[in-house]
**Student:** 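Take a look at this one; I'll ask things after.
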Number of protein chains: 2
Amino acid sequence: MDTELLKGTLSLLILSLLSRQSMYGYEIASTVHRDTDGTFTWREGSLYPNLHKLEADGLIAGAWEEKETGRKRRYYRITKEGRAALKSKLQSWSELCAAVNRILEKSHGQA
Amino acid sequence: MDTELLKGTLSLLILSLLSRQSMYGYEIASTVHRDTDGTFTWREGSLYPNLHKLEADGLIAGAWEEKETGRKRRYYRITKEGRAALKSKLQSWSELCAAVNRILEKSHGQA
DNA sequence: GATAATACATAGGAATTCGATGTATTGGAT
DNA sequence: ATCCAATACATCGAATTCCTATGTATTATC
């Protein structure tokens, strides 16, 4: 399996969020923070380099947009390659969960 | 939450296995490999340094045992501190799963 | 007797994430 | 009107984790 996933929930969640709608960096971070009740609190030092890497890999595409207010944001959308990568990462994630839980269940009574 | 867990399923699973019975390194690796149908294939370069670290942190304790055959193995048992750490890691793991799945469900139909 | 499997170990490197720091704009409070 | 918090982007260096490669030695199998 893709061992990258052992650490890489960040890419998985970014791709998952963008598969629904385009978002900009700060929005992604605050959405994840809110929706997980603070379980995930990505710092800028984690988020932006990861976005740049995903873009360099062609999984997402960014474009600057200037609102009427003057605030500039970089909106990201998922690419075709990104959707394929997401599908594969979803598969890896569920395999990882299943494997871990299988071990845990054998040792304890719970999942 | 303990962000270490994003990557650290290794320590979690080692502690979980040892909470049932004492085991030696090679046995841990092959057990996990077998029980997860090959999803996890830890290499020596991952396993042994991790065992050493867990021992240095006082979460497990190792002792050499020489079988009648002459083969020497280092058996590890979980310590009291190890059990406390395991409890905390189990909690973190279930939080992580819940948080990830909550995001995934919002974006797709599945978990 | 040779080879594969068992059983341990470490060194070096690749990849990921965090902490710290920096710049600039916008909105609200005093 | 001015200050401060929040927004919005960015990068550098450090810490951590894990893998590849390599090494040693013993036991079992052919």
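All heavy atoms count here, side chains included; hydrogens, waters and symmetry mates do not. Just so we're on the same page: letters track the sequence lines, and every chain starts at 1.
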**Student:** Is a side-chain donor-acceptor pair under 3.5 Å present for B:Asn50 with B:Trp42?
**Tutor:**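 Side chains of B:Trp42 and B:Asn50: no pair found under 3.5 Å.
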**Student:** Is it true that B:Glu65 and B:Arg71 make a salt bridge, defined as a side-chain N closer than 4.0 Å to a carboxylate O?
**Tutor:**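 No, B:Glu65 and B:Arg71 are not salt-bridged.
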**Student:** Quick check on D:dT11: is either OP1 or OP2 less than 4.0 Å from any side-chain nitrogen or oxygen of A:His52?
**Tutor:**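 So the side-chain polar atoms of A:His52 do come within 4.0 Å of the phosphate oxygens OP1 or OP2 of D:dT11, strictly under.
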**Student:** I'd like to know if A:Glu27 pairs up with A:Arg34 as an ion pair, taking the criterion as any Lys NZ or Arg NE/NH1/NH2 lying under 4.0 Å from an Asp or Glu carboxylate oxygen.
**Tutor:**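 Answer for the salt bridge query: no.
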**Student:** Across the strands shown, which category fits A:Arg43 at heavy-atom distances under 4.0 angstrom: base, sugar-phosphate, nothing?
**Tutor:**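 Counting heavy atoms under 4.0 Å across all strands, the contact made by A:Arg43 is with sugar-phosphate only.
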**Student:** Can a salt bridge be assigned to the pair A:Lys106 and B:Asp35 using a cut-off of 4.0 Å between side-chain N and carboxylate O?
**Tutor:**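 Between B:Asp35 and A:Lys106 there is a salt bridge, with a charged N closer than 4.0 Å to a carboxylate O.
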**Student:** What is the nucleic acid contact for A:Glu44, judged by heavy atoms within less than 4.0 Å: base, sugar-phosphate only, or nothing?
**Tutor:**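 A:Glu44: base contact, heavy atoms under 4.0 Å.
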**Student:** Provide, to the nearest angstrom, the distance between the CG atom belonging to A:Leu51 and the P atom belonging to D:dC9.
**Tutor:**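 Rounded to whole Å, this separation is 9 Å.
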**Student:** Does the side chain of B:Tyr48 get closer than 4.0 angstrom to OP1 or OP2 of C:dT10 through an N or O atom?
**Tutor:**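 So the side-chain polar atoms of B:Tyr48 never come under 4.0 Å of the phosphate oxygens OP1 or OP2 of C:dT10.
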**Student:** Calculate the interatomic distance between A:Glu65 atom CD and D:dT7 atom P; express it in whole Å.
**Tutor:**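 Taking atom P of D:dT7 as the reference, CD of A:Glu65 is at 19 Å.
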**Student:** Closer than 4.0 Å, any side-chain N/O of B:Arg73 to the OP1 or OP2 of C:dA7?
**Tutor:**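 Answer is yes, contact under 4.0 Å.
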**Student:** Does B:Ala99 offer a backbone N or O that forms a donor-acceptor pair with the side chain of A:Thr36 under 3.5 Å?
**Tutor:**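 Such a contact is absent between A:Thr36 side chain and B:Ala99 backbone.
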**Student:** Starting at NZ of A:Lys72 and ending at P of C:dT26, how long is that distance when rounded to a whole Å?
**Tutor:**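 After rounding, the reported distance stands at 12 Å.
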**Student:** For the pair made of CG in B:Leu54 and C1' in D:dC18, what is the distance, rounded to whole Å?
**Tutor:**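 One finds 14 Å between C1' of D:dC18 and CG of B:Leu54, rounded.
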**Student:** Roughly how many Å is it from CD1 in A:Ile28 to P in D:dT7, rounded to a whole number?
**Tutor:**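 Those two atoms, CD1 and P, are 15 Å apart.
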**Student:** What is the separation between atom CG on B:Asn50 and atom C1' on C:dA9, rounded to the nearest whole Å?
**Tutor:**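 To the nearest whole Å, that distance equals 14 Å.
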**Student:** Grab the OH-P distance between B:Tyr76 and C:dC8 for me, whole Å please.
**Tutor:**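 Interatomic distance, OH of B:Tyr76 to P of C:dC8: 7 Å.
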**Student:** Which nucleotide in the set D:dT11, D:dC18, C:dA9 lies at the smallest distance from any side-chain heavy atom of B:Leu10?
**Tutor:**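 For the B:Leu10 side chain, the nearest candidate turns out to be D:dC18.
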**Student:** Looking across every strand, which nucleic acid part, if any, lies under 4.0 Å from B:Gly45 by heavy atom: base, sugar-phosphate, or nothing?
**Tutor:**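 Base, at least one base atom sits under 4.0 Å.
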**Student:** Out of C:dA7, D:dA8, C:dT17, which nucleotide sits closest to the side chain of B:Tyr24?
**Tutor:**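 Output: C:dA7.
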**Student:** Grab the CD-P distance between A:Glu27 and D:dT7 for me, whole Å please.
**Tutor:**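 Checked: the CD to P distance equals 12 Å.
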**Student:** Could you tell me whether the side chain of B:Arg71 has a donor or acceptor atom within less than 3.5 Å of a complementary atom in the base of D:dT27?
**Tutor:**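 Looking at the base of D:dT27, it does not pair with any donor or acceptor on the side chain of B:Arg71 (distance under 3.5 Å).
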**Student:** Report the nucleotide, chosen from C:dT16, C:dC8, D:dC9, that has the shortest atom-to-atom distance to any side-chain atom of A:Lys53.
**Tutor:**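 From the listed options, C:dT16 comes nearest.
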